[in-house]
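Everything numeric here is computed off the predicted structure, so don't read it as measured data. Lettering of chains follows the sequences in order, A, B, ..., and the numbering in each one begins at 1.
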There are 2 protein chains.
Amino acid sequence: MARKTANRRVGITDVAQRAGVSLASVSRVMNGNFSVDPDIAARVRTAAAELNYQPNAVGRSLALGKTDTIGVVVPDLANPTFQGMLRGVSRAAAQDGYRVLIADSSEVSSEESILAGEARRRCDGVVLCAPRMNDAELEALAPSLRPLVLVNRSTADIQTPSLVVDYGQGIQDLAMHLVKLGHTHLAFLSGPERSAGNQARLQGLEKFRTDHPAVTLTVLSGGSSFEAGHGSAEAVLETGATGVLAFNDLVAMGLLSGLHERGVDVPGDISVTGFDDIPFANYTTPPLTTAAVPINDIGEQAWQEMRRLLGDAASEPSHTTFQPEVRPRGSTGPATR
Amino acid sequence: MARKTANRRVGITDVAQRAGVSLASVSRVMNGNFSVDPDIAARVRTAAAELNYQPNAVGRSLALGKTDTIGVVVPDLANPTFQGMLRGVSRAAAQDGYRVLIADSSEVSSEESILAGEARRRCDGVVLCAPRMNDAELEALAPSLRPLVLVNRSTADIQTPSLVVDYGQGIQDLAMHLVKLGHTHLAFLSGPERSAGNQARLQGLEKFRTDHPAVTLTVLSGGSSFEAGHGSAEAVLETGATGVLAFNDLVAMGLLSGLHERGVDVPGDISVTGFDDIPFANYTTPPLTTAAVPINDIGEQAWQEMRRLLGDAASEPSHTTFQPEVRPRGSTGPATR
DNA sequence: AGATGGCGAGAAAACGTTTTCTGGAAACGT
DNA sequence: ACGTTTCCAGAAAACGTTTTCTCGCCATCT
């Protein structure tokens, strides 16, 4: 500890000394506290200003037992959905004086629990966004992460609030949209295996199958990226489907691009739908029909839930489900064959 | 402090007690430290496991005088450029065991200094990304934020490393690209007033004007968003320019959309260029000619600079300039009038 | 006038770690 | 066998705050 009085950061002690008062008084003044002599307050304030005193957040956190920071764990920072979610949380939290620590698991599900644990140790709470880990692991981890808010994933533990999107219903709505346009052969370009959202879509489509036995539905494996969609163009064409439900907007845009390269007309030859309604979905050519998910709101609500958890732990955790809304745009049209 | 022995978090003290050793030993064992009796180590480890001990990061930070966290301040989390930058920093920092705290100033330049200061107090260093504050303010703030890395902004203080994009050269390259295609009347759809990048573009274009007196160049005021571009379609048409340089890809995409609505053919009637080469630029219709900025790399390098700063403060700060690369795509073509 | 109450400021404990300091025992050399 | 060094574990200080506790002083009430 080479602290030769020189480069040391100025602390509350220095201020107290300079103002000729005790640490306690400085702390009281700095926290805008009640009942402290105006004269002392003034002395402290000028001393603080002269020394350019900056309170040390770590010391403060230790004494207070809180960091005013929450962690947000996302599977992939490059994904517009998670970006939007992060932004929503960040802005809402900032309103209440909280900051956000980010943890990007880069779609490596085994990293998630470690990242989440680390985040929790540094923060007052954690928002787990669409974790890829399996149910058992999530179940086991949840208690140690509390206060915990789950997004796009729920757990048997009723205590942790969750905000989920009804992907199952949304994909059915999109399918219905295509059927109404006269399509009888659909294809679903599915997403990451481990994604709970993908499972929900598959289940929704299973229900759709039984509800509409006359409609043929082919399921293709895919991914969640633009490239996955782009690379699936050929496979999609081979199915002979006239309506394609892409896992999300990114995949749909990739597919659009791949089809365009092959001279396939959308929606003339094939109709394509996305999911999420990311900002760019409106501006593809043709504009993408998709199911809108209010991702910024979800982020904001995630913070509201967290705030409740941080405040009175006794209040009721809520489990909100968001219904996606079909946005018919140019990428879908009447079936022609 | 209602700590009735019950809900208290398990600390190093509890582990020590259970293992029948001192705090010091537990600390030594937990830090994988040298020279501690294997028997004691084992006792500590089992005790820690049984109690499910989680070290408290705040206490640790206080003792160590470091938080293993850096702050990143961006003007707008909704902007793909800053998202990319943030992602680059985050991933690179994670490699070295550091986390990232985000601060979104929402383009409110007056908030920036406060946010940056707060971030610095909680973190070991700050990355300021394209701050909108003026030079004087930046100059004044910089010392108190150190270790500080600047992105897309530099300061007279040679001590703080900076990573800047040569927007001035990039915009000239794009203009040149249009001129070579035969365009003689260009328009520049400018960005936010306070943006240093916008100033750099304007200066670059000024130089371009003197280098190419035969070319007409009209400057329009605009913004940095899709909407700004979309709303400028009419104004652009009124200039009579056949080649339009948009402030960035977002603006260009908005313009593309606005022109499309008016039945203007791109690049048949008008050529349009963007800037940044965000992921979606490749997939607009037509694909957007733009100047590519390696934003992820910049984020990563920002971390590398920060790491240097955090390590040996004595080493030389570097000031890297990134040259944008023109990517000719479908949105630009030969002039027809 | 003396006892009591309130109020405000300083001393000290607390938060949970790491690290220096210290002392005792073992190891080693002469 | 004795003195010196080495090593290791525990005690205590340190990190920078907040907050409780304590004490002295002044005012008020009887």
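- Summary of the strand contacts: B:Leu23 and A:Leu62 both lie near DNA chain D, and taking for each the nucleotide with the nearest heavy atom, the more 5' one is attributed to B:Leu23.
- Note: CD (A:Gln17) to C1' (D:dG16) measures 15 Å, nearest angstrom.
- At whole-Å resolution of the value, CG in A:Asp68 and P in D:dT17 are 15 Å apart.
- Side-chain polar atoms of A:Glu111 and A:Ser105 form no donor-acceptor pair below 3.5 angstrom.
- Among the heavy atoms of the strands, none lies under 4.0 Å from A:Val58.
- In this model, the phosphate group of C:dC15 is not approached by any side-chain N or O of B:Asn56 to a distance below 4.0 Å at OP1 or OP2.
- Within 4.0 Å of A:Ser27, counting heavy atoms only, lies at least one base atom of the nucleic acid.
- A:Arg132 has no carboxylate O lying under 4.0 Å from a charged side-chain N of A:Glu112, or vice versa, which leaves the two without a salt bridge.
- B:Ser25 comes within contact range of the sugar-phosphate backbone alone, with a heavy-atom separation under 4.0 Å but no base atom that close.
- For the pair A:Glu139 (side chain) and A:Thr155 (backbone), a donor-acceptor distance under 3.5 Å is absent.
- Distance, B:Leu51 CG to C:dG16 C1': 15 Å, rounded to whole Å.
- Distance A:Arg121 CZ to C:dC15 P: 21 Å, rounded to the nearest Å.
- Between A:Tyr53 and the phosphate of D:dG16, there is no side-chain N or O to OP1/OP2 separation shorter than 4.0 Å.
- Judged by distance alone, the side chains of B:Arg153 and B:Ser162 never bring a donor and an acceptor atom under 3.5 Å apart.
- C:dA12 atom C1' lies 14 Å from atom CD1 of A:Ile12, rounded to whole Å.
- One can place CG of A:Asp37 at 16 Å from P of D:dC25, the figure rounded to the nearest angstrom.
- Distance, B:Asp14 CG to C:dT17 C1': 13 Å, rounded to whole Å.
- For A:Arg28 against C:dG8, a side-chain-to-base donor-acceptor contact under 3.5 Å is absent.
- Note: CD1 (A:Ile40) to C1' (C:dG10) measures 10 Å, nearest angstrom.
- Of the candidates D:dA9, D:dT18, C:dT18, the closest approach to any side-chain atom of A:Ala63 belongs to D:dT18.
- Two residues are said to be in side-chain contact when any heavy atoms from C-beta on lie closer than 4.5 Å; A:Arg87 and B:Asp76 meet this criterion.
- Put simply, B:Arg60 has no side-chain N or O that comes within less than 4.0 Å of OP1 or OP2 on C:dG16.
- Backbone-only engagement by B:Val21 is indicated by non-hydrogen atom pairs under 4.0 Å involving sugar-phosphate atoms exclusively.
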